[in-house]
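Residue numbers begin at 1 in each chain, while the letters A, B, ... track the order of the sequences. In this text the structure is predicted, and so the values were computed from the model without any measurement.
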Number of protein chains: 2
Amino acid sequence: MSVTRADVARYAGVSSAVVSYVVNDGPRPVAAATAARVREAIEVLGYRPNPSAQALRRGSSRLLGHVVPDLGNPLWAQFALAVEEVAAGRGYDVLLASTEGGAEAEHRRIETLVARGVDALIVTSVMARPDLVTRAGLGVPLVLLNTFFEVPGFPSLGFDALGGARTGTAHLLGHGRGPVGLVIGGETGELREQGWRAAAREAGTPEGPIARGEFSRHGGYGAGLRLFGSPDRPRSVFVSSDLQAVGVLRALFELGLRVPEDVAVVSFDGTVETEFTNPQLTTVRQPVEAMARAAVARALDGDTSTDRQVLPAELVVRGSCGCGSAG
Amino acid sequence: MSVTRADVARYAGVSSAVVSYVVNDGPRPVAAATAARVREAIEVLGYRPNPSAQALRRGSSRLLGHVVPDLGNPLWAQFALAVEEVAAGRGYDVLLASTEGGAEAEHRRIETLVARGVDALIVTSVMARPDLVTRAGLGVPLVLLNTFFEVPGFPSLGFDALGGARTGTAHLLGHGRGPVGLVIGGETGELREQGWRAAAREAGTPEGPIARGEFSRHGGYGAGLRLFGSPDRPRSVFVSSDLQAVGVLRALFELGLRVPEDVAVVSFDGTVETEFTNPQLTTVRQPVEAMARAAVARALDGDTSTDRQVLPAELVVRGSCGCGSAG
DNA sequence: CTGAAAGCGCTTACAG
DNA sequence: CTGAAAGCGCTTACAG
């Protein structure tokens, strides 16, 4: 039904091999006149190479699998976008799978993508220790993007979460508001917690109170209510993700506390959302594009080293920390 | 290198046809004992069918293409998620492409996905009149998701934007704050504008002022500054997207206007974000899941009718419209 | 119930 | 510079 390379060959009066040579610009040379005839035939017939046949023959699908925890989180959407763009630049399309935060779903999605025949896999897991064992092994290179710890046997990529958290907390401490509170999630937050502690230690200030909650708007909201609902609330807080910070902002709003006058806030991730909260959030930005670029490169170049590559984070100062206004 | 069906056949001592029958559960029956042997061989060898070979042979990739305007907008991310889930339920994976709002990029992405061999295409365009003509035609079914107008020659799916906007505006008018302002974007906002006008007409109230801006946080911010920066500002506003509403909220915050006391706000889309703004946004919710379900069904079932299917929208009342507090 | 064989649309050594 | 042919890994009529 569809136009095949044989149709093109017949129309142009050449062999189908020549059609391949023209389409792929190699590996054999083709006379200019012949190539022109073939190109015209392709144009006239509206020929498109069958990607399944190409993949079968080549032994490569030129498909990259990407697993993210939750597309509804702008951070993961940003990662997805960045990976897609970098992959496209290398002739790869990406098969994206969102797991909605479940370990089991993540495992299933990895299986599905492998079964789909992706050439490589990038996994942006929410888990500190993702479950990467599949039936019969993976059979394809897998690189972990956005991990906080070394994962034995797999190449991984993260950024300097400890340093970023320390910088953000130190910035808050510099405002002279005393101990800095902490809103933080599960075990993947460990480095951020350490960075927060390190900043207090280095400043010789006692650690502020901690409220724990999921890495979500809702989790931040609940943690914010608990942290600031009590009379001995801190006057500044380091929140370990933008999403949680949005929830904290909402909690502060409900409690009638002003930001930054009553409470100074610094968050973590650096997603677009933080530019449009009220006030705008001072945040520690993850190097998303650089991480995506490095991850795709490692995945597609068959880089088999399994160390963890760490990129630097960057503090973006805006209104919520009290710079400029309350100081 | 990889385990093939021939390896399994050899290991199990059967023909490769039998392996197919077992893997696909048909089309020929297999004796229970034989099937068990095959299954064991599959297990032991870690066999996975080669999806390219299957696609080539079947003439179907079981891949669905989905084009969205911008993954960073939670609304499109929600659509992407919904489409993925519905597709997965039918054994399809989705190749997602984000166009970052450009008409030319959209066109290119459609081409890419077709060249990739998707069985069908769902296009969530930002354009009122998407450019759907590709070299040599599409060759695959294409359905438009989230269109506001009939598109000749293509099946399309939308929701009742006019009715939704009318309901939202009428709700605001019911609060007795006089004329309702409007923040709105380009031509795809036409129906929402009509709904806003209809509500004013039906209530016998003059139309409020209009501010136009892009369908983005930034566009809403600018429009908000203009609309509320002047002394004859309206006391309520209908904002034609959640993203813009976030920008409007930011503008109001900067102008020192309180929501809903000084200005009541109703927005449009119903994304998660609206639950966590301060205050929470009253919004007109799009039936995202229902639309995704219908779109996938039409795309995969080869439904060739080219009419536009319209689903109902729903008003979600929260704090920003003044219900409960300022009234 | 099982097997031998054709063929899906490509790519690429090989021969000319 | 060009062509005939093998083969990638499947599925499925066909014969037994």
Side-chain angles (χ1 to χ4, degrees), chain A residues 1-39 41-42 45-63 91 114-119 136 139-140, chain B residues 1-39 41-42 45-63 91 114-119 136 139-140:
Chain A
M1 41 174 42
S2 177
V3 183
T4 73
R5 150 232 63 165
D7 300 321
V8 175
R10 198 175 313 119
Y11 187 98
V14 299
S15 76
S16 53
V18 171
V19 178
S20 266
Y21 301 153
V22 171
V23 168
N24 302 325
D25 202 20
R28 306 276 101 221
V30 174
T34 313
R37 268 211 326 286
V38 170
R39 262 187 270 277
I42 288 174
L45 266 27
Y47 168 70
R48 283 196 196 85
N50 180 317
S52 301
Q54 289 180 307
L56 174 59
R57 190 42 233 242
R58 287 179 179 145
S60 150
S61 63
R62 307 233 169 132
L63 235 31
V114 170
R116 253 303 173 195
V118 297
D119 286 350
V140 302
Chain B
M1 39 176 43
S2 176
V3 183
T4 72
R5 152 233 61 166
D7 300 321
V8 175
R10 199 174 313 118
Y11 187 97
V14 299
S15 75
S16 54
V18 170
V19 178
S20 266
Y21 301 153
V22 171
V23 169
N24 301 325
D25 203 20
R28 307 276 101 220
V30 175
T34 312
R37 269 213 322 289
V38 170
R39 263 186 270 276
I42 288 174
L45 299 174
Y47 168 70
R48 284 196 195 83
N50 179 318
S52 301
Q54 290 180 308
L56 174 59
R57 189 43 232 243
R58 288 180 178 145
S60 151
S61 63
R62 306 234 170 131
L63 234 33
V114 170
R116 253 303 173 193
V118 297
D119 285 350
V140 301

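Here B:R57 pairs with nothing under the salt bridge (Lys or Arg N to Asp or Glu O under 4.0 Å) rule; sequence neighbours left out. Every residue meeting the side chain to side chain contact (heavy atoms under 4.5 Å, CB included) condition with B:S20, not counting sequence neighbours, appears here in chain and number order: B:N24. A:R10 pairs by the salt bridge (Lys or Arg N to Asp or Glu O under 4.0 Å) definition with A:D7, not counting sequence neighbours.
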How would nucleotides 11-16 of chain C be written as a contact map, 5' to 3', with B for base contact, S for sugar-phosphate-only contact and - for no contact, using protein heavy atoms under 4.0 Å?
BBB---

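Here the C1' atom of nucleotide D:dC10 and the CG atom of A:N50 are 13 Å apart, to the nearest Å. Look at CG on A:L56: it is 12 Å from P on C:dC10, rounded to the nearest Å. In this structure, A:L45 places its CG atom 15 Å from C1' of C:dG9, rounding to the nearest Å.
The shortest distance between the side-chain N/O atoms of A:T34 and the OP1/OP2 oxygens of D:dT2 is below 4.0 Å. Close to C:dC8, at under 4.0 Å from its OP1 or OP2, lies no side-chain N or O of A:S52.
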Under 3.5 Å, sequence neighbours excluded: what are the donor-acceptor pairs made by side chains of residues 29-37 of chain B?
{"residue": "B:R37", "atom": "NE", "partner": "B:A12", "partner atom": "O", "Å": "3.0"}
{"residue": "B:R37", "atom": "NH2", "partner": "B:A12", "partner atom": "O", "Å": "3.4"}

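For the P atoms, the distance from D:dT2 to D:dA6 is 23 Å, rounded to whole Å.
Stem analysis of DNA chain C (at least three stacked-register Watson-Crick or G-U pairs, each with both distances under 3.5 Å) gives C:1-3 with D:14-16, C:5-12 with D:5-12, C:14-16 with D:1-3.
When all heavy atoms are compared, the tightest approach of A:Y47 to A:V3 is CD1-O, 3.5 Å.
At a threshold of 4.5 Å between non-hydrogen side-chain atoms, the residues A:V18 and A:R28 do not count as touching.
Panel note: side chain A:S61, backbone A:G117; a donor-acceptor pair is recorded below 3.5 Å. Without hydrogens or angle criteria, A:D119 side chain to A:S60 main chain gives no donor-acceptor distance under 3.5 Å.
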